[in-house]
Novice: 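The structure that follows is given in the form of structure tokens.
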Amino acid sequence: MTAPDSTTTALPTEDAIIDLARSGLSACGADLDALLAGGAEASSTITLRSPITGQVLGQMAADTAESAADTIGKAHEAFLAWRDVPAPVRGMVVQRWGQLLTEHKEDLAKLVTLEAGKTPSEAAGEVQEMIDICELAVGQSRQLFGKTLPSERPGHRLMETWHPLGVVGIISAFNFPVAVYSWNTALALICGDSVVWKPSEVSTLSAVGANALLTRAIEEKGGPAGLNGLLVGERAIGEALVDDPRVELLSATGSVRMGREVGPRVAQRFGRSLLELGGNNAAIVTPSADIDLALRGVVFAAAGTAGQRCTTLRRLIVHSDIAGELVDKIVAAYGTLSIGSPTAEGVLVGPLVNQASYEKMQASLEAAQAQGGEVLCGGTRVLADAAADAYYVEPAVVRMPGQTEIVEDETFAPILYVMEYTDFDAAIELNNAVPQGLSSAVFTSDLSEAERFIARSDTGIANVNIGTSGAEIGGAFGGNKETGGGRESGTDSWQAYMRQATNTVNYSGELPLAQGVEFL
Ligand code: NAD
């Protein structure tokens, strides 16, 4: 099935793309022309490109191993001053950053649209997440609480206290070019840490914009220079953060492949890592579900953001009694999705990030068919005539005979594999039977099914009657198994950015030993 009627053929001109970059950056306090001029003279550069048209905007200067070490050194110096600033005062910097993000929400969102290809609504939602985490972090800055415990010894006080950790390195993925950075940064800053960020090489301009707003907030509030380092470059520059012993915590978001490389290297030097890696998220739809609600939840989670969210719905596990009806509705809904430039009115599905992503999608569709799958709709490239290096594709739905090898893989593109079940417990087992463990959902009106699902789904996020994507920042965000085990955002996640100490204070004038031990 193709959806030519819903494809928006007009792509913006190359000048319009440059204008988007220039206006978004300048409103955030950076200058595109100065960045491009710097790139022309630099020995090491990075390519600036937009997936909307596939055009290259130019080259920007990239970091080198020496400049990366220098930035980390400055962040360490900044940490030594910052850790002594009272946490609620540190919170004032984050509060100001949140205000600037609110003021420049649309400007920064333009850069996210430009580089990640998100629709303006989704891009604005991403910046809203940054604002939300700033608000959460400001409140948290007054609540870095530890516990006081009863000591077994008279005249002793036993307590746990939390202290600033050091330099926090952040490596982030292209698909959430600024939000994940802010989850880490807002908490790290109130916890008394400095940050050094290596954004995705695909979304450098969004990073420059977000970082410029933070620099302004730090300057206005009198924070130390070097508190927010930015490293521009590809994977090798990320490795500078991985290997530098001054980086106490490395928070790395990206593919499982990246986590496999980074995690052991940080562990080798006994550093801490917080890994937020790939997902392979499922939704179970039971016969008691509200089908129309499930339909909307499934279509947004599977086709939204062109399937390029870590929480994108990739596996639909639907009861045989309703599979026919639900799948027909999904295919029909996919036919109405408008695909095209995210800058165009009404478009819901933007481009894939690059050619490699498109080729991986095609390879996965071929593998799925070879493994017994039937492509029910989608998979076809559109708008290739309008821009040869832009990759727009119709979201695909593939009926699978069961969970074959390809279904266990995360293909970072809009492919929804559909499988049927008859026994609910077996459906939960199928939900869990992949190496990744980020998000999952059940659509049901049966309380017992909902509770059994929450108890047994092995993912870090498990939802009822809501899709797998679109988390709020109040809850801890992260996944299990190959997703890496890290937790970011709300509740207790702040503790990852601090050093914990247990303190025993003796005010008894005697020296009783614990466990009644006698000595001297
Ligand atoms: P990627 O792994 O290709 O790159 C992510 C980042 O890691 C980039 O900044 C890259 O330069 C850097 N990097 C890669 N290899 C490295 C290495 N060996 N050492 C140091 N740095 C290295 O991922 P991507 O294509 O940008 O993003 C898509 C992936 O990210 C998907 O798998 C998606 O599920 C995952 N993701 C996960 C979350 C989450 O919270 N769990 C959020 C967003 C994206």
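Start at 1 and go down the list; that is how both ligands and their atoms are numbered.
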Novice: Kindly indicate whether atom 36 (N) of ligand 1 is approached by any protein heavy atom to under 4.0 angstrom.
Specialist: yes
Novice: Quick test: of every protein heavy atom, which one is nearest to atom 25 (O) of ligand 1, and how far off is it to 0.1 Å?
Specialist: Phe174 CD2, 3.6 Å
Novice: Could you check atom 5 (C) of ligand 1 against the protein and tell me its nearest heavy-atom contact, residue, atom and distance included?
Specialist: Thr253 O, 3.5 Å
Novice: Between Glu234 and ligand 1, is there a nitrogen or oxygen pair with a distance under 3.5 Å?
Specialist: no
Novice: Taking all heavy atoms of Ile330 and all of Val298, pick out the closest pair and write down the distance.
Specialist: CD1-CG1, 3.7 Å
Novice: Report the nearest protein non-hydrogen atom to atom 6 (C) of ligand 1: residue, atom name, distance rounded to 0.1 Å.
Specialist: Ser172 O, 3.3 Å
Novice: Note the single closest protein heavy atom to atom 4 (O) of ligand 1, along with its residue, its atom name and the distance in Å.
Specialist: Gly254 CA, 4.6 Å
Novice: Out of all atoms in ligand 1, which are within 4.0 Å of some heavy atom of Pro199? Include the element for each.
Specialist: 9 (O)
Novice: Please classify the Arg257 to ligand 1 contact at 4.0 Å (heavy-atom distances, strictly less than): side chain, backbone, both or neither.
Specialist: side chain
Novice: Does Lys118 come within less than 4.0 Å of Glu115, counting only side-chain N to carboxylate O?
Specialist: no
Novice: Which protein non-hydrogen atom lies closest to atom 27 (O) of ligand 1, naming both residue and atom, and how far is it?
Specialist: Ala173 CB, 3.3 Å
Novice: What residue and heavy atom of the protein are closest to atom 28 (C) of ligand 1, and at what distance?
Specialist: Phe412 CE2, 3.7 Å
Novice: May I ask you to identify the nearest protein heavy atom to atom 10 (C) of ligand 1, giving residue, atom name and distance to one decimal place in Å?
Specialist: Glu201 OE1, 3.5 Å
Novice: For residues Asn354 and Tyr391, report the shortest heavy-atom separation together with the two atoms involved.
Specialist: C-CD1, 3.7 Å
Novice: What are the atoms of ligand 1, with element, lying closer than 4.0 Å to any heavy atom of Gly279?
Specialist: 34 (O)
Novice: Given Gln308, Arg265, Arg309, Met258, which has its nearest heavy atom closest to atom 22 (C) of ligand 1?
Specialist: Met258
Novice: Does Phe176 reach ligand 1, in the sense of a heavy atom lying below 4.0 Å from it?
Specialist: no
Novice: Examine Trp97 together with Tyr181 and report whether their ring centres are nearer than 6.0 Å.
Specialist: yes
Novice: Would you say Glu239's side chain and Val242's backbone share a donor-acceptor pair under 3.5 angstrom?
Specialist: no
Novice: Quick one: nearest non-hydrogen protein atom to atom 44 (C) of ligand 1, plus distance?
Specialist: Asn175 OD1, 3.1 Å
Novice: Does the Lys NZ or Arg CZ of Arg487 fall within the cation-pi geometry relative to Phe477 - under 6.0 Å from the ring centre and within 45° of the axis?
Specialist: no
Novice: Among Leu231, Thr483, Ile171, whose heavy atom sits nearest atom 21 (N) of ligand 1?
Specialist: Ile171
Novice: Is a side-chain donor-acceptor pair under 3.5 Å present for Ser493 with Glu488?
Specialist: no
Novice: Looking at every heavy atom in both Val262 and Ala252, which two are closest together, and how far apart are they?
Specialist: CG1-CB, 4.2 Å
Novice: Main chain of Ser206, side chain of Ser203: is a donor-acceptor contact present, judged purely on distance under 3.5 Å?
Specialist: no
Novice: Could you report the tightest heavy-atom contact between Asp458 and Asn480, atom names first, then the distance?
Specialist: O-ND2, 2.9 Å
Novice: Give a yes or no answer on whether the side chain of Glu126 reaches the backbone of Val178 with a donor-acceptor pair at less than 3.5 Å.
Specialist: yes
Novice: Within the 4.0 Å heavy-atom shell around Ser200, which atoms of ligand 1 are there?
Specialist: 9 (O)
Novice: Could you list which atoms of ligand 1 come closer than 4.0 Å to a heavy atom of Glu261?
Specialist: 17 (C), 18 (N)
Novice: What I want to know is whether Trp183 and ligand 1 share at least one N or O pair that is separated by under 3.5 angstrom.
Specialist: no
Novice: Given that the side chain starts at C-beta and the backbone is N, CA, C, O, which of these parts of Ala252 lies under 4.0 Å from ligand 1, counting heavy atoms, or is it both or neither?
Specialist: neither
Novice: Taking 4.0 angstrom as the limit and counting only heavy atoms of Val262, give me the atoms of ligand 1 inside it, by number and element.
Specialist: 17 (C), 19 (N), 20 (C)
Novice: Which residue in the set Leu241, Val168, Val195 passes side-chain contact (heavy atoms from CB on, under 4.5 Å) when paired with Val247?
Specialist: Leu241
Novice: Indicate whether any N or O donor in one side chain lies under 3.5 Å from an N or O acceptor in the other, for Ser457 and Asn431.
Specialist: yes
Novice: Can you find an N/O atom of Leu277 closer than 3.5 Å to an N/O atom of ligand 1?
Specialist: yes
